[in-house]
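This report refers to the structure that appears directly beneath it.
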Amino acid sequence: MKSDCMQTTICQERKKDPIEMFHSGQLVKVCAPMVRYSKLAFRTLVRKYSCDLCYTPMIVAADFVKSIKARDSEFTTNQGDCPLIVQFAANDARLLSDAARIVCPYANGIDINCGCPQRWAMAEGYGACLINKPELVRDMVKQVRNQVETPGFSISIKIRIHDDLKRTVDLCRKAEATGVSWITVHGRTAEERHQPVHYESIKIIKENMSIPVIANGDIRSLKEAENVWRITGTDGVMVARGLLANPAMFAGYEETPLKCIWDWVDIALELGTPYMCFHQHLMYMMEKITSRQEKRVFNALSSTSAIIDYLTDHYGI
């Protein structure tokens with residue numbers, strides 16, 4: 001784990017308790033866990049544009065516990081990075097609780113990834129295969145609850161749905177009874193990729209829960225977020241690709257404003273973001289505001305200085 005100063009990583013804004021946010025009656029706007037992308041610099045950017053709660057990328061708990069190198073590369077935070085949820089891929093209750101104990105001084109809670117449909121994750125016993133293992137999910141939640149005594153520290157799960165929605169409702173009820181703080185529901189099955197999101201299924205799950213529920217899946221604008229929030233009756237919405245394309249989405253912008261692009265440059269340079277990540281984020285952000293020819297030129301740039309020169313020449317400072 002890295003920071004400018006270890007003390008600055010302690011979350012100074014515990015008052016921004018996610019649970020309190022979910023009970024406010026207002027739409028809670030959440031940045032999804034995104035491998036390679038929802039790191040500190042990007043979280044800092046979306047927080048400037050009305051994002052209420054951010055997740056880290058998914059971190060494999062076993063590697064995080066066993067390797068200092070993994071901790072330093074996978075988890076970086078700072079004083080302003082609050083409220084923050086650290087998402088873990090796990091299939092072992094003891095390893096997950098050890099990982100949670102490591103991050104608890106620096107985050108508001110942890111999330112168990114029960115929704116990743118990628119083959120490698122499923123083969124390792126992580127991700128969406130856990131929706132078929134409610135007892136293991138229960139054991140992991142209980143172990144974290146027993147080992148982490150920090151008041152207000154949350155334990156949530158992010159899931160996909162079953163073909164038989166009754167099984168999903170049953171899973172969620174068992175998770176609630178075990179002490180899960182909230183549940184994020186991606187409204188597709190593990191087999192579905194680009195099919196329409198089943199928002200009606202999310203609505204049914206919410207109607208069967210007493211704890212907060214977050215809706216997730218194919219939300220690309222603030223208007224869509226507000227619509228999904230209304231039709232599902234959930235407590236918040238989580239966005240992934242929509243925020244990659246437009247980090248200012250939650251502030252009501254239809255496409256990435258130039259100020260947001262320059263904010264990204266400033267933040268990324270200040271935090272030492274690796275070039276590949278720095279460039280990739282800009283390619284996503286500028287997708288809608290550049291022509292095909294401009295994309296070819298911009299995507300071929302190979303240094304930070306070349307990118308800054310290009311942005312200055314085309315868009316001004």
So does [Y] get a backbone contact from the side chain of [X], meaning a donor-acceptor N/O pair under 3.5 Å?
X: Asn146; Y: Lys142; value: yes
X: Asn208; Y: Ile204; value: yes
X: His281; Y: Cys277; value: no
X: Arg160; Y: Gly115; value: yes
X: Thr232; Y: Ile202; value: no
X: Ser38; Y: Tyr55; value: yes
X: Trp182; Y: Ile211; value: no
X: Gln118; Y: Cys116; value: no
X: Arg167; Y: His162; value: no
X: Arg145; Y: Gly179; value: yes

With side chains defined as the heavy atoms from C-beta onward, is the minimum distance between [X] and [Y] less than 4.5 Å?
X: Asn108; Y: Phe153; value: no
X: Leu96; Y: Asn91; value: no
X: Ile183; Y: Ile159; value: yes
X: Asp263; Y: Tyr49; value: yes
X: Pro83; Y: Met21; value: yes
X: Val28; Y: Asp235; value: no
X: Phe278; Y: Ile267; value: no
X: Phe64; Y: Val103; value: yes

How far apart are the closest heavy atoms of [X] and [Y], and which atoms are they?
X: Leu53; Y: Leu84; value: CD1-N, 4.3 Å
X: Val46; Y: Pro247; value: CG1-O, 3.8 Å
X: Val86; Y: Thr56; value: CA-OG1, 3.5 Å
X: Val237; Y: Val228; value: CG1-CG1, 4.2 Å

Describe, in one word, how the ring planes of His279 and Tyr275 are oriented to each other, choosing from parallel (under 30°), tilted (30 to 60°) and perpendicular (over 60°).
tilted
Using the ring of each side chain (for Trp, its six-membered ring), is Phe42 parallel, tilted or perpendicular to Trp264, with breaks at 30° and 60°?
perpendicular
Only distances under 3.5 Å count here; give the side-chain donor-acceptor pairs of residues 297-304 to other protein atoms, sequence neighbours excluded, each with its distance to 0.1 Å.
residue : atom : partner : partner atom : Å
Asn299  : ND2  : Lys295  : O            : 3.4
Ser303  : OG   : Ser305  : OG           : 3.2
Ser303  : OG   : Ala306  : N            : 3.1

Side chains of [X] and [Y], donor plus acceptor under 3.5 Å:
X: Asn113; Y: Gln87; result: yes
X: His198; Y: Glu192; result: yes
X: Asp111; Y: Ser156; result: yes

Using the side-chain contact (heavy atoms from CB on, under 4.5 Å) rule, take Asn227 and Arg230 through it: C-alpha gap first, then chi angles, then the decisive distance, then the call.
CA-CA 5 Å; Asn227 186 49; Arg230 280 192 296 267; 4.3 Å; yes
If hydrophobic clusters are built from ILVMFWY residues whose side chains come within less than 4.5 Å, do [X] and [Y] share one?
X: Met34; Y: Ile219; result: yes
X: Ile214; Y: Ile155; result: no
X: Ile112; Y: Val30; result: no
X: Met238; Y: Leu244; result: no
X: Ile19; Y: Met209; result: no

Test side-chain contact (heavy atoms from CB on, under 4.5 Å) applied to Met286 and Thr256, step by step:
CA-CA 7 Å; Met286 297 171 65; Thr256 311; over 6 Å; no
List, by chain and number, the other hydrophobic cluster members for Met276, where Ile, Leu, Val, Met, Phe, Trp and Tyr join if side-chain heavy atoms come within less than 4.5 Å, directly or indirectly.
none
Within a reach of under 6.0 Å around [atom1] of [X], are more than 12 heavy atoms found that belong to other residues, nucleotides or ligands?
X: Glu254; atom1: CD; result: no
X: Arg119; atom1: CZ; result: no
X: Lys206; atom1: NZ; result: yes

Take Asn216 and Val185 through the side-chain contact (heavy atoms from CB on, under 4.5 Å) test and state the conclusion after the steps.
CA-CA 6 Å; Asn216 173 231; Val185 183; over 6 Å; no
side-chain contact (heavy atoms from CB on, under 4.5 Å) partners of Asp218, counting only residues at least two apart:
Arg188, Val197, Tyr199, Arg220, Arg241
Audit row: Asp139, Gln143, side-chain contact (heavy atoms from CB on, under 4.5 Å) steps and yes/no
CA-CA 6 Å; Asp139 291 345; Gln143 183 84 348; over 6 Å; no
Are the charged groups of Arg47 and Asp52 less than 4.0 angstrom apart, N to O?
no
Quick test of your reading of the model: are Asp170 and Lys166 salt-bridged, counting only N-O distances below 4.0 Å?
no
